[in-house]
Number of protein chains: 2
Amino acid sequence: MQAGAPRWRRRSQARPGEIVQAALDVFAEKGFAAAKLDEIASKAGVSKGALYLYFETKEDIFRAVVREAVVPNIDRVEALLAEATIPFPDLLRLALSQIEAVIETSRLGAVAKLVIGESRNFPELARVWHDEVVSRMLAAMSGALERAQMRGEVRLGEPRLQAFSIVGPILLGVIWQETFTPVGAPPAPLKSLVRQHGETMIAGLAPRAGVSS
Amino acid sequence: MQAGAPRWRRRSQARPGEIVQAALDVFAEKGFAAAKLDEIASKAGVSKGALYLYFETKEDIFRAVVREAVVPNIDRVEALLAEATIPFPDLLRLALSQIEAVIETSRLGAVAKLVIGESRNFPELARVWHDEVVSRMLAAMSGALERAQMRGEVRLGEPRLQAFSIVGPILLGVIWQETFTPVGAPPAPLKSLVRQHGETMIAGLAPRAGVSS
DNA sequence: CCCGTAAATGACCTGACGGTTATATACGAG
DNA sequence: CTCGTATATAACCGTCAGGTCATTTACGGG
């Protein structure tokens, strides 16, 4: 040990973020129950006791992780979809590429897997995730679809179900990458998947020839 | 306690199935780590010790649960998709309704959730699930798509990605029902979801007018 | 420079749960 | 009927990990 180097530092501002970051890593890899506080602590460069200076319980840390991951910019996608001024195909292409960007930036996939896996043990978290992420996403998409239908740019149908059709394959791609790629399955190339799926959906949602409204 | 009624019965044939069934319930609800052997045992109407007459460890039971759930008839769907004799739209409609039937019969959704949630802790199970279910499914679907492309019934594109587009929303529906419906979210009506998604995909995959091969 | 206290530690406590085993019992074979 | 053994039990054990706390240490204010 370096002489003069303190054994630890007082950094009450930075700690919580570091802990949540480390916890995300461990939870994502092990799931809630199998994640050990000692591992989270050591990954955060801190002792186990220190965790309890900032969080009440293990569950509390888990909640913080999910909430933290929820915060990021669903907003942008939502705002984009509210734009009614561009033709639907362009809108969809834009939205998809933004979603793709969000996925590649913020470990959304890992958190989704967590929430899905632990939903029965943490119903309240499933609810938060639903209300703050999935539901908003779907509502924004449905809204855009409904307006596009009224403008005659999209064939008539239940907008919510159409939204499922759009979002589903993306979820599949994310799950795939989190679940099967690590065990040797061929990767799901998110980029080309999203692009081709987008084109397929644009064609599939195009109004039928000869049906106006 | 009823006089003359034996305290327990010897039923070495029936036990394993009952245990696996009970274990599926508990694992589906709690996840692997949070599931207690005592609960599985009592749900199976048996003492904890009896579990160890039929299985080596908790993991062993988990494996049995997943394998059991894998067994059922992916085969039928696979066989159906190999049929090259009917037009693609009809084939797709048939396949989707069969998939729907399988989902509603065999607690496929619960198991999928389990596998996804525990994939990091049981990579070998993720591999089994991938090899026995997902990969076969996707391969069968890709094959059908590729042949349909050659017949000019489906627009050209990467068949594997098209298969993702077809399967994704179904996965989303299943996950939704397992994850969000129990916490008060509006249900994802699988039946109409599948039907409308099918029609959307048929339209989206139809060959472009004026592009022959 | 020194002290007060917030920040951090790590040894410890404890309950829970996976797994074991000595004992009891059902029931088929002879 | 009876006896052997496969089947089942329930009390038990050991370990592991979440949570606690007495003690130590960094470091800013006077």
Side-chain angles (χ1 to χ4, degrees), chain A residues 1-27 29-65 114 118 120-122 125, chain B residues 1-27 29-65 114 118 120-122 125:
Chain A
M1 192 177 293
Q2 189 85 5
R7 293 229 283 253
W8 42 265
R9 306 228 168 226
R10 312 173 79 192
R11 301 170 54 242
S12 58
Q13 303 307 313
R15 291 283 188 239
E18 293 171 3
I19 291 171
V20 168
Q21 178 61 40
L24 170 56
D25 286 348
V26 180
F27 282 136
E29 189 174 343
K30 304 282 177 73
F32 175 78
K36 292 167 214 168
L37 290 183
D38 282 308
E39 191 180 346
I40 294 175
S42 84
K43 198 162 247 177
V46 130
S47 74
K48 188 169 61 170
L51 301 182
Y52 286 86
L53 295 173
Y54 302 100
F55 301 94
E56 298 281 324
T57 67
K58 187 186 185 184
E59 293 194 12
D60 197 30
I61 299 178
F62 187 63
R63 277 183 259 277
V65 166
L114 266 180
E118 304 291 345
R120 287 304 214 296
N121 299 98
F122 296 89
L125 276 186
Chain B
M1 195 176 291
Q2 189 86 5
R7 295 229 284 254
W8 43 266
R9 307 224 168 229
R10 312 172 78 187
R11 301 171 52 245
S12 58
Q13 303 309 313
R15 291 282 188 239
E18 293 171 4
I19 291 171
V20 168
Q21 179 60 42
L24 170 56
D25 287 349
V26 179
F27 282 137
E29 189 173 343
K30 305 283 178 71
F32 175 78
K36 293 166 214 170
L37 289 184
D38 282 308
E39 191 181 347
I40 294 175
S42 82
K43 199 162 246 176
V46 128
S47 74
K48 186 170 63 170
L51 300 182
Y52 285 86
L53 295 173
Y54 302 100
F55 301 93
E56 297 281 324
T57 67
K58 186 186 186 183
E59 293 194 14
D60 198 30
I61 300 178
F62 187 63
R63 274 183 263 277
V65 166
L114 264 180
E118 304 290 346
R120 286 306 213 299
N121 299 98
F122 296 89
L125 276 186

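So that the names make sense, note that chain A is the first sequence line, chain B the second, and so on, each numbered from 1. Just so it is clear, the structure is predicted and the values come from calculations on it, not from any experiment.
- Heavy-atom minimum distance, B:Ala64 versus B:Phe55: CB-CE2, 3.8 Å.
- Contact annotation: B:Arg11 side-chain N/O to C:dA26 OP1/OP2 distance is not under 4.0 Å.
- Between B:Glu56 and A:Leu53, it is A:Leu53 whose nearest contact on DNA chain C lies nearer the 5' terminus.
- Using a distance-only test at 3.5 Å, with no hydrogens or angles considered, no donor-acceptor pair links the side chain of A:Lys43 to the main chain of A:Gln21.
- Straight-line distance from the CD1 atom of B:Ile19 to the C1' atom of D:dA8: 11 Å, rounded to whole Å.
- Across all strands shown, B:Ala35 has heavy atoms under 4.0 Å from sugar-phosphate atoms exclusively, and none from any base.
- Nearest to the side chain of B:Arg9, among C:dC27, D:dG19, C:dA8, sits C:dC27.
- Taking all atoms of both residues into account, the shortest heavy-atom contact from B:Leu114 to B:Gly31 is CD2-CA, 4.0 Å.
- Per the geometry, CZ belonging to B:Phe62 stands 16 Å off C1' belonging to C:dG18, to the nearest Å.
- Atom CD1 of A:Ile61 and atom P of D:dA17 are 15 Å apart (whole Å).
- Counting only heavy atoms from C-beta on, A:Lys48 has its side chain closest to D:dG18 among D:dA8, D:dG18, C:dA8.
- The CD atom of B:Glu39 sits 10 Å away from the P atom of C:dG18 (whole-angstrom rounding).
- Side-chain contact between A:Val26 and A:Lys36: absent, with no pair of heavy atoms (C-beta onward) separated by less than 4.5 Å.
- Between B:Phe122 and B:Phe62, the ring planes are tilted. Angles from 30° to 60° get that label.
- For the pair B:Phe32 CZ and C:dC17 P, the computed distance is 14 Å after rounding to whole Å.
- Straight-line distance from the CG atom of A:Asp38 to the P atom of C:dA11: 11 Å, rounded to whole Å.
- Computed from coordinates, the A:Leu51 CG to D:dG19 P distance equals 10 Å when rounded to whole Å.
- Going from atom CZ of A:Arg15 over to atom C1' of D:dA26 covers 12 Å, rounded to whole Å.
- Closest to the B:Leu37 side chain, of the nucleotides D:dT25, C:dG18, D:dA8, is C:dG18.
- Closest to the side chain of A:Lys36, from the set D:dT9, D:dG19, D:dG18, is D:dG18.
- For A:Tyr54, the listed nucleotide lying nearest its side chain is C:dA7; candidates were C:dA7, D:dA26, D:dA8.
- With distances taken from any side-chain atom of B:Ser47 to the nucleotides D:dG18, D:dA10, C:dG19, the minimum falls on D:dA10.
- Here the nucleotide nearest the side chain of B:Ala50, chosen from C:dG18, D:dT24, D:dT9, is D:dT9.
- In terms of polar N and O atoms assigned as donor or acceptor, the side chain of A:Arg10 never comes within less than 3.5 Å of the base of C:dA8 in a complementary pairing.
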